[in-house]
Amino acid sequence: MELTVAVTDERPVDTRVVASCQQGDREAFRLLFETHKDKVYSIALYFFGGDAALASDITQQVFLKLFTRIGQFRHQSEFTTWLYRLTTNTCIDEQRRRRRFSPLPDALGETPRGHGGASATPAAEARFMRLEIADSVRDAIGSLKPKLRIAILLKYFEELSYEEIAAVLNCSKGTVASRLNRGHRILAQRLGHLRANVLSGD
Amino acid sequence: MFGQRHVKDQLTAYAHGELPADESARVAAHLGACARCRAEFEEISYGIRLVESLTTQAAPANLWEGIEAALAQESFRDNQREHAARSDSPEKTARRSRRLGSWRLGSLLPGNLLNGRLAGWRPALAAGLVLLFVLGAGGASWFYLRSTRASWEVARLQGAPSIDADRMGSTGRLGIGEWLETDADSRAQIKVADIGQVEVDPGTRIRLVETRLTEHRLELARGRMHATIYAPPRLFFVDTPSAVAADLGCAYTLEVDDAGRSTLHVTAGWVAFETKDRESMVPAGAACLTRPGIGPGTPFFEDASELFLDSLAKFDFAGGGTDALQAIVAEARPRDTLTLWHLLARTEGDERSRVYERLAALAPTPAGVTREGIMRLDPAMLYEWKAQMEPTWMADSMPDMHGTWGNLRADSPTPRVIRKARNYLK
């Protein structure tokens, strides 16, 4: 049984590194952290509408939980599934807690942003436009319901398949499809005014 | 029926290629015929386009420091808890510790540990509970730890060992800073806190440097000792004049001669033999030498050919250079990949490629490990390749390892060389 697991494992590096972590090996922890930190950070960053300090906190929390619970990981699922489940739960818990203590508006924030304002050249204007679009998309994602938001982030930052997302979120593939569909539609509607800029962007 | 039902709920899955072939064909056919769904598809495609414009952001560089600090804090608490539960035998405690992992924070992790942004009542309550636990259950043992942990029990095995020049009786205590000495006819055994024991051979001078919950350290000035440690890695260290032996869950013999040169033989698990900027990972069955001023040499198996061992000593300690390396490479057997793997990070340019070629001939590279990656000391590839070679290194060396040591065979720690390689890449 164990042999089968070892032989059929598609991610031997992760598996071995995880096993070393389970032995308390700090270098293995570091390796795991370095490998996955940017993706975890990006999910948290976009989940919380670009709040870098909060994303840093979340990333640290996720890895602390990961390292301290690694003894419980039994290789019954992919390591990454476990990691993104931790990430998802940490983001959603934090979102709940923040709502309870300092409610955030759940609507699309139309915060004005100052990306240079009076830009002289067309190239600079195009650059500011790209930043403007990125900011708007980030804000719009941040305003989606958490369930839709996390499905989109897992899809685009982790490049997970529907099946993998379903495993992380503990739901069916159909639910994943429907959440993504709703998420995309809402984003398209909310950012309709940027359509010309986005489509002419490249 | 075909193509009649609207498809607006399937459009994202269709765009992502997540629909079964027949369903995908139905959506395509329907889109050709239904303007409403086509408009919807354009909308969804625009939504997808928007999200695809986002890029992965690099996490700030200082996150690891915060994590490490929090882990260290928790590791300290963990040790306190374990000491508080001293009624268990040391072995049982160590086994439990290993089973649960040495750094569990579990649900007690205060959410505001890192910078206070995430304060809330639950973390505060949890932190309070931890404090109560430590103060209550651990309180009495704290005085015990303070008063008695600062020295280790020593038992006389033979002859007349002395502690700080006083002859000891059948038992004694070795305090911080005190020297235990054995003459040509005496032997002693030191109990290393709750984590293991050290047998001290005749003609040895050894000192207790530090014993804390998170670090136990001896200094071996001369002579020979045998350590058996059952604890999480990197809790027990032995300083020698030319390198530090860091326990990674193991048993080993360490010997220091009058010139300060040391020899390490590992009998179970792994030992990291290290100085500030050099590290050798020594598995069971292998050995490693050090020289003052140079630090640990490259680990090797003693049953290698004489020419191999001579050349390795020349390469490590006598500036043997290319000629010595040539002989090492030519003489290496499959098991000597232990030595060759370490040499990758200790050579450069042509020499590294020579080591790589031989290594690849003896131990085929696993999928995903490339020559180019190894040549630039890619940490993950070095790690992966090493993992593949380990069974060859372990094959003859651990015939009877179950129980406490059983889980040490499967996987080994990540060497510091990988971290160094990573720094080198930055």
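Only this structure's heavy atoms are used, side chains among them; waters, hydrogens and symmetry mates stay out. Order of the sequence lines sets the chain letters (A, B, ...), proteins ahead of strands, with each chain counted from 1.
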Max heavy-atom pair count under 4.5 Å with chain A, selected residue of P366(B), P60(B), S53(B)
P60(B)
If you count heavy-atom pairs under 4.5 Å between each of A367(B), G47(B), G368(B) and chain A, which one has the most?
G47(B)
For the rings on Y14(B) and F41(B), is their centre-to-centre separation under 6.0 Å?
yes
Side-chain donor-acceptor pair under 3.5 Å between Q57(B) and T55(B), yes or no?
yes
Counting heavy-atom pairs under 4.5 Å to chain B, which of L180(A), N181(A), L187(A), I152(A) comes out on top?
N181(A)
F33(A) versus chain B, the contacting section by heavy-atom distance below 4.5 Å:
side chain
Does any part of the side chain of I43(A), heavy atoms only, come nearer than 4.5 Å to the side chain of E158(A), both counted from C-beta?
yes
Heavy-atom side-chain contact between M389(B) and W385(B) under 4.5 Å:
yes
So, the part of I186(A) with a heavy atom under 4.5 Å from chain B: the answer is neither
Which of parallel (below 30°), tilted (30 to 60°) and perpendicular (above 60°) describes W270(B) and W393(B)?
perpendicular
Interchain contact, T35(A) with chain B, by part (heavy-atom threshold 4.5 Å)
neither
Note, Y84(A) side chain near H36(A) side chain (heavy atom, < 4.5 Å)
yes
With respect to chain A, which residue among L54(B), D9(B), N62(B) yields the maximal number of heavy-atom pairs within a distance under 4.5 Å?
L54(B)
